[in-house]
Structures are given as C-alpha cells and as structure tokens.
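Written out below as structure tokens is the structure these notes cover.
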Amino acid sequence: MPAKKNYWLLKSEPDCYSIDDLQRDGTTFWSGVRNYQARNYMRDEMKPGDGVLFYHSSAEPPGVAGIAEIAREGYADATALDPKDDHYDPKSTQENPIWMMVDVKFVKKFKELIPLNELKETPGLEKMMVTQRGSRLSVQPVTEEEWKIVTKMRK
DNA sequence: GCCAACGTTGGC
DNA sequence: GCCAACGTTGGC
C-alpha cells in the first residue's frame, strides 16, 4: 500500500524566490533551511508527491500564492557544504549532513493570492499553524482537511 | 521601522 | 542545566 500523502506549507519571501520563479523553473531545490524542526520534517516526513502550499512571507500581503509538490525526498543541502555560500555551515559534511533540502515542483499559481487575513477568517483553518500569532516556522505540516479547504479557495 | 515571538548561544 | 543576551523571522 502506498504511504499516505502528506501536506505542507513552505514559506518563501517573494523578493527572494516567488511562485513566478518556481513556475519559470519548474522544479527547484528547497535549500537554505536552518531550523531543526523544519529540517526534521524535510528529512523524515516529506516524500515525493506530497502537496505543498506555496506561501509568500514578508510580502504585501502575505499569503498562499499557489500549489507545488514534493519532487524528491530529503538529501544533503549543498549550500551548507559550500564555503562560498551564505548558508555555509562548517559543521555539515557530505558524509554527515546536518542540513537537508528537498526538490519542489511547480503545480499551479492561484489566479489570486489567498491573503493571510482571509485564511484567518476561514472556518476550519483556526488551528492551522500559519494562522497562529507569531508562527515563524518556514516548513509547516498541513492537515488533509486544511489542504482541502485552502485548495478550494482559489482556481 | 517596530516589535513580539522564539530559537540559539554562551557564561556560569 | 539554567537563563540572559542576542539574532532572526515576519506580521503589521
């Protein structure tokens, strides 16, 4: 029996990497995550085919911009191994990587972004991590119920 | 630009 | 192992 599909919310600052960039690239490495909880999700729980809500953070307005999909399970984050990279971490090695990345594939861009405000007002999303005050985690699990609600909010 | 939240670091 | 200081995230 195939493993049950999981759902995620990935934050990106659109000034840095937006849904349009993902649409252009098709697939990208989700590198540079330097938080252990987020790392654990990527290393232990993400698998190809999982659904991704692509979230624009530090944007005006912040919100869910579209849908993507996990294309490759966690592997060593190359940016942690490169001394010239801003995200270089000397504690991480190819044999013993501390940080992980996954590959993410574009699925669709919503006709209109779903602003965080609207998520907060939508019944069923009260417990969603991103709607909680002070939620900073850049890789968040999303329940199947939340996924269904959010993905039905836009074309 | 401000500041709340919160993860990380380092002195003890 | 505690906890204050510090840095970062991210909404507003």
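Values below: every heavy atom of this structure, side chains too, minus hydrogens, waters and symmetry copies.
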NZ of A:Lys5: more than 12 outside heavy atoms within 6.0 angstrom? yes
Whole-Å distance, A:Glu13 CD to C:dG11 P, equals 9 Å
Walk me through it: do A:Asp89 and A:Arg34 pass the test salt bridge (Lys or Arg N to Asp or Glu O under 4.0 Å)? CA-CA 9 Å; A:Asp89 185 343; A:Arg34 295 294 179 267; 5.3 Å; no
(message) Checking A:Lys4 against A:Glu144 for the salt bridge (Lys or Arg N to Asp or Glu O under 4.0 Å) test, could you report, in this order, the C-alpha distance in whole Å, the side-chain angles of both residues, the deciding distance, and whether it holds?
(response) CA-CA 10 Å; A:Lys4 197 170 185 303; A:Glu144 188 173 0; 2.9 Å; yes
Item to check | Side-chain donor or acceptor of A:Thr131 paired with backbone N/O of A:Leu125 under 3.5 Å | outcome: yes
A:Tyr36 OH to B:dG7 C1', in whole Å, measures 11 Å
Q.
If you apply the rule side chain to side chain contact (heavy atoms under 4.5 Å, CB included), what do you find for A:Tyr7 with A:Glu146, and how did you get there?
A. CA-CA 9 Å; A:Tyr7 301 95; A:Glu146 290 161 353; over 6 Å; no
A:Arg136 CZ to B:dT8 P, in whole Å, measures 9 Å
Taken to the nearest whole Å, NE2/A:His87 to P/C:dT8 is 12 Å
Under a 4.0 Å heavy-atom cutoff, the residues of residues 112-119 of chain A touching DNA chain B are none
After noting the C-alpha distance and the side-chain angles of A:Lys47 and A:Glu73, does the key distance pass the salt bridge (Lys or Arg N to Asp or Glu O under 4.0 Å) rule?
CA-CA 5 Å; A:Lys47 53 191 186 309; A:Glu73 65 186 4; over 6 Å; no
Rounded to whole Å, the CG-P distance (A:Leu137 to C:dG11) equals 13 Å
A:Lys120 NZ to C:dG10 P, in whole Å, measures 13 Å
From CG of A:Leu10 across to P of C:dT9 the rounded distance in Å is 16 Å
| Would you say C:dG10 has OP1 or OP2 under 4.0 Å from some side-chain N or O of A:Lys11? | yes
Here the distance between atom P of B:dA5 and atom CE of A:Met129, to the nearest Å, is 17 Å
